[in-house]
Amino acid sequence: MRGLEGKGVLISGGSSGIGRAAAQRFLEEGARVFVGGLDADEVAVAVDELGLAGGLAGDVSLEADVAALVAGAEDALGRIDVLINNAGIATKGAFVDIAPEVWDRTLAVNLRGMFLVAQAAARSMLAHEPAGGTIVNMASTNALGGEADFAHYNASKGGVLQLTRTMAVELGPRGIRVNCVCPGFIDTPLNDVLATPDERAAYASERIPLGRAGRAEEVAAAYAFLASDDASFVHGEALVIDGGQLAEM
């Protein structure tokens with residue numbers, strides 16, 4: 001991709017799954033990468049094994065942790081040129097059975113956390129000269145259509161989609177491009193705990209025209225594209241990466 005060489009990239013939720021694959025991809029593009037994650041040991045392993053500029057453990061739903069993450073990234077990278085706003089959680093449960101605390105935690109991480117990290121990174125991007133940068137948020141195909149047993153997750157990702165659009169309207173004139181990715185069924189540790197291997201295979205066979213789950217590296221490639229100069233006129237968009245699943249809906 002053009003325009004990523006030497007850029008400072010902050011990836012929240014960057015120590016495992018899609019986030020770690022994104023860290024690897026940006027390194028391959030010549031960028032410098034700083035990651036956040038919830039588990040300190042996992043962050044340390046990612047930093048060591050990938051050769052990252054640094055990393056910090058914290059909870060994206062907490063303002064103090066987000067402030068520390070962005071400050072740490074600024075110190076390690078010099079400036080944040082790209083934010084890959086990737087942190088998120090998912091649990092499964094029928095709508096009538098979702099406990100309020102489960103609902104609250106899902107929205108705290110997936111929506112409040114998305115807002116806090118994006119706001120702090122945007123302020124950082126605007127404070128540097130020249131001002132500007134690129135933000136890519138993690139939404140989901142669940143932002144575009146309902147799925148049974150995921151009301152809390154669906155609501156959080158629908159919020160991310162509208163947050164992305166509003167950020168694009170406000171930040172575009174100030175030199176910050178904003179988009180989101182909408183992955184479908186991706187083979188990650190997050191999905192491993194939501195379904196058995198047989199259930200995942202059946203889901204892919206029955207509901208995805210390409211007949212398989214996506215790979216974390218394929219979402220990472222979309223992140224890299226949207227952050228690159230090759231996407232310089234792509235703004236306020238939701239890039240779907242789902243093997244054709246929504247085409248059948």
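Hydrogens, waters and symmetry mates are skipped; everything else that's a heavy atom, side chains included, is used. Each residue takes its place number in the sequence, starting with 1. This is a predicted model, so every value here is computed, not measured.
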Report, as yes or no, whether the 6.0 Å neighbourhood of atom CD on Glu199 holds more than 12 heavy atoms from other residues, nucleotides or ligands.
yes

Heavy atoms of Ala238 and Leu161 approach each other most closely as CB-CD1, 3.7 Å

Taking it one step at a time, do Glu217 and Arg20 satisfy salt bridge (Lys or Arg N to Asp or Glu O under 4.0 Å)?
CA-CA 9 Å; Glu217 292 78 10; Arg20 179 167 169 143; over 6 Å; no

Report yes or no: does Lys7 contribute a side-chain atom to a donor-acceptor pair with the main-chain N or O of Gly30 at less than 3.5 Å?
no

Can you list the steps and then say if Val70 with Ile80 is a side-chain contact (heavy atoms from CB on, under 4.5 Å)?
CA-CA 8 Å; Val70 171; Ile80 299 169; 3.8 Å; yes

Before accepting this row, confirm whether a basic side-chain N of the pair Asp81/Arg79 lies closer than 4.0 Å to the acidic partner's carboxylate O.
yes

Neighbour count >12 (heavy atoms, 6.0 Å) for atom CZ, Arg174
no

Does the Asp242 side chain pair with the main chain of Cys182, one donor and one acceptor, at a distance under 3.5 Å?
no

To the closest 0.5 Å, what do you measure between CE (Met1) and CZ (Phe26)?
9.0 Å

Under a 3.5 Å cutoff, is there a donor and acceptor pairing between the side chains of Ser124 and Glu74?
yes

Show your working on side-chain contact (heavy atoms from CB on, under 4.5 Å) between Asp65 and Val60 and close with a plain yes or no.
CA-CA 6 Å; Asp65 286 9; Val60 295; over 6 Å; no

Donor-acceptor contact present, side-chain Asn154 to main-chain Phe150, <3.5 Å
yes

Minimum-distance pair of heavy atoms, taken over all atoms of Ala143 and Lys157
CB-O, 3.2 Å

Go through it in stages, so that I can follow the logic: the residues are Asp230 and Phe225, the test is side-chain contact (heavy atoms from CB on, under 4.5 Å), and I'd like the CA-CA distance, side-chain angles, deciding distance and then a yes or no.
CA-CA 7 Å; Asp230 290 332; Phe225 166 68; 4.0 Å; yes

Identify whether Val160 and Ile186 are in the same connected component of the hydrophobic contact network (ILVMFWY, side-chain heavy atoms under 4.5 Å).
yes

Honestly curious: do Val240 and Phe185 fall in one hydrophobic cluster under the side-chain, below-4.5 Å linking rule?
no

Go through the steps for Glu206 and Arg200 under the test salt bridge (Lys or Arg N to Asp or Glu O under 4.0 Å), then give the verdict.
CA-CA 10 Å; Glu206 295 167 6; Arg200 295 196 300 272; over 6 Å; no

State whether a side-chain donor-acceptor pair under 3.5 Å links Ser232 with Arg2.
no

Does Arg177 reach the main-chain N or O of His235 with its side chain, forming a donor-acceptor pair under 3.5 Å?
no

Do Ser12 side-chain atoms and Ala87 backbone N/O form a donor-acceptor pair below 3.5 Å?
yes

Would you say Asn86's side chain and Gly13's backbone share a donor-acceptor pair under 3.5 angstrom?
yes

Donor-acceptor contact present, side-chain Glu170 to main-chain Met167, <3.5 Å:
no

Of all heavy-atom pairs between Tyr203 and Glu147, which one has the smallest distance, and what is that distance?
OH-OE2, 3.5 Å

Would you say Leu171 and Val117 are hydrophobically clustered, going by side-chain heavy atoms of ILVMFWY under 4.5 Å?
yes

Test Leu69 against Leu10 for side-chain contact (heavy atoms from CB on, under 4.5 Å), laying out the working first.
CA-CA 9 Å; Leu69 175 66; Leu10 168 61; 4.0 Å; yes

Taking every non-hydrogen atom, the tightest pair across Asn85 and Tyr223
O-OH, 4.3 Å

Please say yes or no: joined through hydrophobic side-chain contacts below 4.5 Å, possibly via intermediate residues, are Leu27 and Val43 part of one cluster?
yes

Counting distance only, does the side-chain N/O of Ser205 pair as donor-acceptor with the main-chain N or O of Ala202 below 3.5 Å?
no

Is the shortest heavy-atom distance from the side chain of Met114 to the side chain of Asn137 under 4.5 Å?
yes

Show the numbers, then the answer: is there a salt bridge (Lys or Arg N to Asp or Glu O under 4.0 Å) between Arg105 and Asp59?
CA-CA 11 Å; Arg105 180 58 181 165; Asp59 185 334; 3.1 Å; yes

For Glu237, is there any backbone N or O sitting under 3.5 Å from a side-chain donor or acceptor partner on Asn179?
yes

Minimum heavy-atom separation for Val136 to Cys180, with atom names?
CG1-CA, 4.2 Å

Heavy-atom donor-acceptor pair, Arg32 side chain to Leu77 backbone, under 3.5 Å:
yes

Which atoms form the tightest heavy-atom contact between Ala222 and Val181, and what is the distance?
CB-CG1, 4.2 Å

